Amino acid sequence: MFALVDCNNFYVSCERVFDASLQGKPVVVLSNNDGCIISRSQEAKDLGIKMGEPYFKRRRWLAEQGVRVFSSNYTLYGDMSGRVMEVLSNFTPELEVYSVDEAFLRLDGFLQQDLLTYSQTIQETIGRGLGIPVCVGIAPSKTLAKMANHLAKKKRQQSGGVWIISTEEEREQALKDVSIGDVWGVGRQYAARLQAAGVQTAWDLTQRSSDWVRQHLGGVVGVRLLKELQGKPCVQTALLQDKKSIACTRSFGKPVQDLTQLQEAVATYATRAAEKLRRQKSAAGAVTVFIHTSRFAPVEQYFRSITLELPVATDSTLELVQLAVDGVKKIFRPDIQYAKAGVILTELVPVQSIQADLFQVPTVVEHKGLMKAVDHINQTWGSGTVVLAAAGGQQEWQMLKGMRSRRFTTHWNDLLWVRC
DNA sequence: TCTGGGGTCCTAGGACCC
DNA sequence: TCTGGGGTCCTAGGACCC
């Protein structure tokens, strides 16, 4: 059996841990740059606020309703996520962290009744220890465990936040209770196509033949989904593995026209991406840089990107920043109002197995000591304590995040501020 | 005025090889 | 009239997830 443990309204719940006055109130957390609403407390959902709504459209209304609004504080959420996962790891020999707020636990050899009390213990332990409410779904496959978790949330009153699918009858009932668009792996496009073909619920899908599903649902992906719904596990999630690409992309706080400013932004993003790269002990063989206008603005649209290959893979911030800055110069066109830029590192390889050049010391080696020192300083004193001059000083393009809470658990100076 | 960011996998088709 | 068989690699695009 698999359990899926999923934190409720995760970002809002994190904010509530550090501010008791948020309990019982409508609260929302915004995406980067204060763009969209991406986490809502139950009270906010009850007010009719939708996932992904642009903040600016709702701003005044939210204020009128007394909704508490936060810019996103990913440093805090990431740290809280790590603590939740550590607690969960005590409950299973096999924990698969699936996303920032959810994880699969392998639970073999339990009786039905034991599963229920075990789930409640998990809920209580995380609730008491960390102040984060969670729901638990349990079933014989990951897709069904996702479905069970969905039902646990949907029928919170009845379920207490735990839902178990173990018997044939329970499986059939669950499949009939969940519409096809709510199935894990069925997005908007497929949902529309399936509904048009007469498939309304998960149960309807399981009544179709394997060949039919293969034709109508993305080939082998659909067939795997079908088996999972039948209770035969075959979906592998392997998110604990190293990333195959690493990106840092951001919208600007206000439009940018100036090449120097674009280069500063891109240098900053390349620095962040390089930090992530070194954390997983990889080196990049190629760097992609892009810049573009706002697709919502009624101006001439301009989308450009360039991919630069490295002769020898590297994890050096110095080299990656240089490449990114050179790249943006090549695709830059003046008189354009840029809204967003990004850096994507690809062709990642383990730093141990870099294909070296015969006549040159790889920068992975040459800059190793420097990078180690920089990472150490930034980890100890907070990211951004030391940066390259190429990242600029004023950073006028910085995204908006005026309503961010303090990074209570990770930043020494943020904590000090609270104490003072 | 103001609309996020970061990933994965699969498929089809083209180019190329023997 | 009739024009093989088997394979790899790469890329773009489309779908999905949180």
Side-chain angles (χ1 to χ4, degrees), chain A residues 4 6-7 9-11 28-39 50-62 69-74 77-78 81 96-104 142-143 146 149-150 180-194 214-225 234-255 269 272-273 276-277 280 286 288 290 292-299 305 307 309 337 339-348 399-404:
Chain A
L4 178 70
D6 187 309
C7 303
N9 322 325
F10 183 56
Y11 297 166
V28 299
V29 174
L30 306 178
S31 64
N32 267 330
N33 215 27
D34 295 344
C36 301
I37 295 164
I38 54 166
S39 183
K50 297 276 180 294
M51 178 69 177
E53 270 191 273
Y55 174 53
F56 76 93
K57 286 186 181 172
R58 282 279 203 173
R59 188 174 191 152
R60 287 187 61 176
W61 184 86
L62 290 169
V69 179
F70 289 87
S71 302
S72 43
N73 187 346
Y74 289 113
Y77 312 148
S81 169
E96 260 184 88
V97 179
Y98 177 65
S99 77
V100 70
D101 72 335
E102 61 189 303
F104 289 103
K142 286 177 183 161
T143 306
K146 271 283 212 183
N149 193 286
H150 175 79
I180 191 67
D182 289 332
V183 173
W184 189 39
V186 179
R188 270 224 307 274
Q189 309 293 327
Y190 284 139
R193 279 187 235 168
L194 290 170
R214 186 190 304 275
Q215 274 205 351
H216 292 78
L217 200 63
V220 299
V221 182
V223 176
R224 278 205 288 259
L225 175 63
C234 56
V235 164
Q236 298 290 328
T237 54
L239 297 175
L240 290 179
Q241 287 176 9
D242 286 347
K243 299 268 190 289
K244 295 171 181 176
S245 70
I246 288 176
C248 181
T249 71
R250 293 280 180 281
S251 298
F252 302 131
K254 54 186 178 187
Y269 305 158
R272 284 282 305 122
K276 295 191 214 172
L277 186 66
Q280 75 164 37
T288 299
F290 69 80
H292 65 72
T293 46
S294 165
R295 52 182 209 284
F296 302 103
V299 297
S305 75
T307 300
E309 304 274 340
Q337 301 265 323
K340 181 170 175 175
V343 173
I344 305 164
L345 307 179
T346 53
E347 292 175 32
L348 307 190
M399 64 180 184
L400 309 172
K401 50 179 177 186
M403 296 164 288
R404 199 199 65 202

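Chain letters run A, B, ... following the sequence lines, proteins first, then strands; residues in each count from 1. Predicted model, so just to flag it, every value in this text is computed and none were measured.
- Contact annotation for A:N33: no contact, since no heavy-atom pair falls under 4.0 Å across all strands.
- No donor-acceptor distance shorter than 3.5 angstrom exists from the side chain of A:S245 to the backbone of A:L345, with no hydrogens or angles considered.
- The minimum heavy-atom distance between A:P255 and A:Q337, with the atom names listed, is CB-OE1, 3.2 Å.
- The side chain of A:S245 contributes an N or O atom lying less than 4.0 Å from OP1 or OP2 of B:dT8.
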Side chain to side chain contact (heavy atoms under 4.5 Å, CB included) assessment of A:N32 paired with A:Y74 = CA-CA 9 Å; A:N32 267 330; A:Y74 289 113; 3.7 Å; yes
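- The distance from atom CZ of A:R404 to atom C1' of B:dG4 is 17 Å, rounded to the nearest whole Å.
- At least one donor-acceptor pair under 3.5 Å links the side chain of A:N149 to the backbone N or O of A:L4.
- Heavy atoms of A:D34 sit nowhere under 4.0 angstrom from any nucleic acid atom.
- Distances were taken from every side-chain heavy atom of A:Y98 (C-beta onward) to each of C:dC17, B:dG5, B:dG4; the shortest belongs to C:dC17.
- Distance from the side chain of A:W184 is smallest to C:dC17 among C:dC17, B:dC9, B:dT3.
- Looking at heavy-atom distances under 4.0 Å, A:V220 makes contact with sugar-phosphate atoms alone, never a base.
- Residue contacts for A:K244: at a heavy-atom cut-off of 4.0 Å it reaches the sugar-phosphate backbone alone, with no base atom in range.
- Put simply, CD1 on A:I344 is 9 Å from P on B:dG6, counting in whole angstrom units.
- Remark: side-chain polar atoms of A:K276 are paired, donor with acceptor, to backbone N or O of A:A247 under 3.5 angstrom.
- Nearest to the side-chain atoms of A:K243 among the listed nucleotides C:dC17, B:dT3, B:dG7 stands B:dG7.
- Put simply, CD on A:E347 is 11 Å from C1' on C:dC10, counting in whole angstrom units.
- Contact between the side-chain N/O atoms of A:R58 and the OP1/OP2 oxygens of B:dT3 is not found at any separation under 4.0 Å.
- Place A:M399 and A:R224 on DNA chain B by their nearest nucleotides, and A:M399 ends up nearer the 5' end.
- Nucleic acid contact for A:E102: sugar-phosphate only, since backbone atoms but no base atoms lie under 4.0 Å from a heavy atom of the residue.
- Nearest nucleotide to the side chain of A:V221, out of B:dT8, B:dC2, B:dC10: B:dC10.
- A 6.0 Å sphere centred on NZ of A:K244 holds no more than 12 heavy atoms belonging to other residues, nucleotides or ligands.
- Comparing B:dT3, B:dG4, B:dG6 against the side chain of A:A247 picks out B:dG6 as the nearest.
- Counting only heavy atoms from C-beta on, A:C36 has its side chain closest to B:dG4 among B:dG6, B:dC10, B:dG4.
- Using a 4.0 Å cut-off, some side-chain N or O of A:R250 falls inside it from OP1 or OP2 of B:dG6.
- Using C1' as the reference atom, B:dC17 and C:dG4 are 15 Å apart when rounded to the nearest Å.
- Here A:R60 lies out of heavy-atom contact (under 4.0 Å) with every strand.
- In this structure, CD of A:E96 is placed 15 Å from P of B:dT8, rounded to the nearest angstrom.
- Phosphate contact (OP1/OP2 of B:dG5, side-chain N/O of A:K340, threshold under 4.0 Å): present.
- Among the nucleotides B:dG4, C:dA15, B:dT8, the one closest to the side chain of A:Q189 is C:dA15.
- Using a distance-only test at 3.5 Å, with no hydrogens or angles considered, a donor-acceptor pair links the side chain of A:S81 to the main chain of A:V100.
- One interatomic measurement links the two molecules: CG of A:D6 to C1' of C:dC18, which rounds to 10 Å at whole-angstrom precision.
- Taking atom CD of A:E309 as the reference point, atom C1' of C:dT11 lies 13 Å away to the nearest angstrom.
- Along DNA chain B, the nucleotide nearest to A:K276 and the one nearest to A:Y74 differ in position, and the one closer to the 5' end is contacted by A:Y74.
- Closest approach to the A:T249 side chain among C:dC18, B:dG6, B:dC9 is made by B:dG6 (side chain taken as heavy atoms from C-beta onward).
- Rounded to whole Å, the distance from CZ on A:R272 to P on B:dG7 is 10 Å.
- For B:dT3, neither phosphate oxygen OP1 nor OP2 lies less than 4.0 angstrom from any side-chain nitrogen or oxygen of A:S31.
- Of the candidates B:dT8, B:dC10, B:dG4, B:dG4 carries the atom nearest the A:F296 side chain, counting heavy atoms from C-beta on.
- A donor-acceptor pair is defined here as one N or O able to donate and one able to accept, closer than 3.5 Å; no such pair exists between the side chain of A:E53 and the backbone of A:R58.
- A close approach under 4.0 Å does not occur between any side-chain nitrogen or oxygen of A:K146 and OP1 or OP2 of C:dC17.
- Nucleic acid contact for A:V235: none, since no nucleic acid atom lies under 4.0 Å from a heavy atom of the residue.
- Computed from coordinates, the A:L30 CG to B:dC2 P distance equals 16 Å when rounded to whole Å.
- Among the nucleotides C:dC16, B:dG5, B:dT8, the one closest to the side chain of A:Y190 is C:dC16.
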